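Computed from a predicted structure; not experimentally measured.
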Amino acid sequence: MTTPATAALTAVFVRLKLSLLANGLRQSTGRRAAFVATAVVALLFAAAQLIGLILLRGEANAATVVVLLVAVLALGWTFMPLFFPSGDETLDPTRLVMLPLRPRPLVSALLVASLVGIGPLFTLCLAVGGALALAHGAGAVLVAVVAVPLTLLVCVALARAVAAANIRLLTSRKGRDLAVLSGLVIGVGIQFATFGAQRIGAAGGLAALEPVADVARWLPPASAIGAIDSAASGSYGTALAQLALSVAALGVLLYAWQHSLTRLMTSPDGSTLAAASEPSRKASEGRLHRLLPGGRTGTAMQRSLRYVWRDPKTKTAWMTALVIGAIVPVFNALQGTGSIYFACFASGMLGIQMYNQFGQDTSAFWMVAQTISTPRDAYVELRARALALALITLPYTVLVTVVTAAILGNWEALPEALGLAVALLGSMLATGAVASARFPYSIPQDSAYKNVAPGQGGLAWISIFGGMIASALLCAPVIGLTIWLNAANAESALWSLLPLGLAYGAVAAWGGLRVAAPQTAQRLPEILTAVSKG
């Protein structure tokens, strides 16, 4: 069969993209409303951004702002397909492998079809606004005519090349895990943006970003927008060099994209090959099992650790706790506004993972329930889960506390802060065990962003926030003693808070497990019903 003409193929793919959008909107009223709301918000933001960039015309730092905006936008085009692979059905070229299409015309057709959508329109508005802000003189206007579409094409080609190179990952279990983690990445990014904005303000405004902009204006596609500013200042040679960089980047991206399509269409995927990593995976799991205690305790610990590594929902919760738990104390310490006691935030974030222990098992909890017939069985099960959690949280809490003390240079307060953090962690293990028995709820598996089954929101609020309040009350003796010793300037006695906190945390966790065990054994049918609703 002969290959269709590129122009005809391009028209077919544009119609296909429009059909996919239209059919997606017909699926449900909720999806249609979400799309319309997203489109309206994006267009309003694009319009406001366009007006804002136009108002920058003639300002001293206009080039810095525009170049950095385009660089950040290109970064978004690079990574968003990795976090939201299901956002555009045409991102998956493996659906086309059975069609009689050659990679080169396919690249051209997909590139043009990719220009249909809210994202490309938003990018075009930003590029046009940047051009209007920087174009002064006939030469700059001519450069802008080339730079604006070139910026859009580089962004789209960048997203497509990255998606095609990683499509096997994006359509696999690991890819779905990556999508679930997208919220964490966005949250961390907001923290970094806030930190950067504070630094900019402390450094005296946008002038502090000029060195970064000087580098970014030579990185495609920001170099295309930087060429407009260079032409406006009369540096035509520099402008041509910057445009050439963006053109070269576009060529490289299209070639890489075509190479990825060729490989996808001619090579087998992992489903047809033996899992070469299976022996190494089994060997690593065997080594882990040998490091854990024997009997039911070691088996339950290994199961809990596997949930952390394999289950997308559990992995997301842990990654969020680990990252946010470090960001808050460390970033505040870097800004000089923090306290070593902020390290307790890490204990709190990680201690939350003890809550709703049975809910993370979902409907598979019935297999665990078959092995629990007495309070002793329940105690061993809960103890194993707490030990698995402590295996990660305890060294992590120590690490965050030590790093915070090092940044602040407050080594003398390290023992008391670490003792308080460990006491809080033990208290949360205790209340988490009781909350798991008294207020279990289901975690739906059919949605990456839904963590509570319908009708169980109240249980989740009581379990988590009620447990946190109870943990603070349970840890109150250590908190009160810390405050009293500091108020009395009893510096020679503050070191004793470290062993006291370790002992108090261990006793509190043991007591909580002892209280929760008979409740778990008694309420086993209710727990099984609650966690299986999702």
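Checking T371 against R296 by side-chain atom types alone, a donor-acceptor pair falls below 3.5 Å. Residues T64 and N61 bring no donor and acceptor atom of their side chains to less than 3.5 Å of each other. Side-chain contact annotation: T431 with Y355, donor-acceptor N/O pair under 3.5 Å present.
Annotation: side chain of L494 is not in contact with side chain of P415 (no heavy-atom distance under 4.5 Å). Counting only heavy atoms from C-beta outward, the side chains of R385 and M301 never approach each other to under 4.5 Å. Considering only heavy atoms from C-beta on, P440 comes within 4.5 Å of R523 through its side chain. T482 is listed as a side-chain neighbour of N486, based on a closest heavy-atom distance under 4.5 Å. S304 places none of its side-chain heavy atoms less than 4.5 Å from the side chain of L389.
Between the side chain of R383 and the backbone N or O of T297, no donor-acceptor pair lies under 3.5 Å. At distances below 3.5 Å, not a single donor-acceptor pair connects side-chain atoms of N410 with backbone N or O atoms of A405. A donor-acceptor pair under 3.5 Å links the side-chain atoms of S436 to the main chain of Q357, judged by distance alone.
Taking all atoms of both residues into account, the shortest heavy-atom contact from S114 to R160 is OG-NE, 2.7 Å. Of all heavy-atom pairs between I392 and W318, the closest is CG2-CZ3, 3.7 Å. Between T401 and A417, the closest heavy-atom pair is CG2-CB, 4.2 Å. Of all heavy-atom pairs between V67 and A213, the closest is CG1-O, 3.9 Å. The two residues L513 and A433 make their nearest non-hydrogen contact at CD2-CB, 3.8 Å. Across every non-hydrogen atom of C155 and T123, the tightest pair is SG-CG2, 4.2 Å.
Here the CG atom belonging to L485 is positioned 6.0 Å from the OG atom belonging to S496, to the nearest 0.5 angstrom. Here the straight-line distance linking atom CG of L497 with atom CG of L414 works out to 12.0 Å at 0.5 Å rounding. Interatomic distance, CG of N332 versus CD1 of I407, reported as 10.5 Å (0.5 Å rounding). Atoms OG1 and OH, on T374 and Y379 in that order, are 13.0 Å from each other to the nearest 0.5 Å. Note that the CE atom of M354 and the CD1 atom of I464 stand 14.0 Å from one another [nearest 0.5 Å]. Atom CG of L350 sits about 6.0 Å away from atom OH of Y396, to the nearest 0.5 Å.
Within 6.0 Å of atom CH2 in W366, 12 or fewer heavy atoms from other residues, nucleotides or ligands are found, so the atom counts as exposed in its surroundings. For CD of Q522, the number of neighbouring non-hydrogen atoms (other residues, nucleotides, ligands) closer than 6.0 Å is 12 at most.
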Verdict with reasoning, L53 to L69, per side chain to side chain contact (heavy atoms under 4.5 Å, CB included):
CA-CA 10 Å; L53 290 173; L69 276 178; 3.9 Å; yes

Dump the intermediate steps for side chain to side chain contact (heavy atoms under 4.5 Å, CB included) on F358 and L382, then the final yes or no.
CA-CA 10 Å; F358 306 127; L382 286 168; 3.6 Å; yes

So S347 and V422, side chain to side chain contact (heavy atoms under 4.5 Å, CB included) or not? Walk me through it.
CA-CA 7 Å; S347 301; V422 174; over 6 Å; no

Take F345 and T404 through the test side chain to side chain contact (heavy atoms under 4.5 Å, CB included) and record every step on the way to the result.
CA-CA 12 Å; F345 194 83; T404 305; over 6 Å; no

Go through the steps to decide whether Y504 and S427 satisfy the test side chain to side chain donor-acceptor pair (under 3.5 Å), and finish with yes or no.
CA-CA 8 Å; Y504 189 90; S427 299; 5.4 Å; no

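Remark: of the listed residues L502, I340, V400, V398, V398 is the sole one forming a side-chain contact (heavy atoms from CB on, under 4.5 Å) with L418.
The residues R303 and E381 are annotated as salt-bridged, a charged nitrogen and a carboxylate oxygen being separated by less than 4.0 angstrom.
Ring geometry for F45 versus F122: interplanar angle under 30°, hence parallel rather than tilted (30 to 60°).
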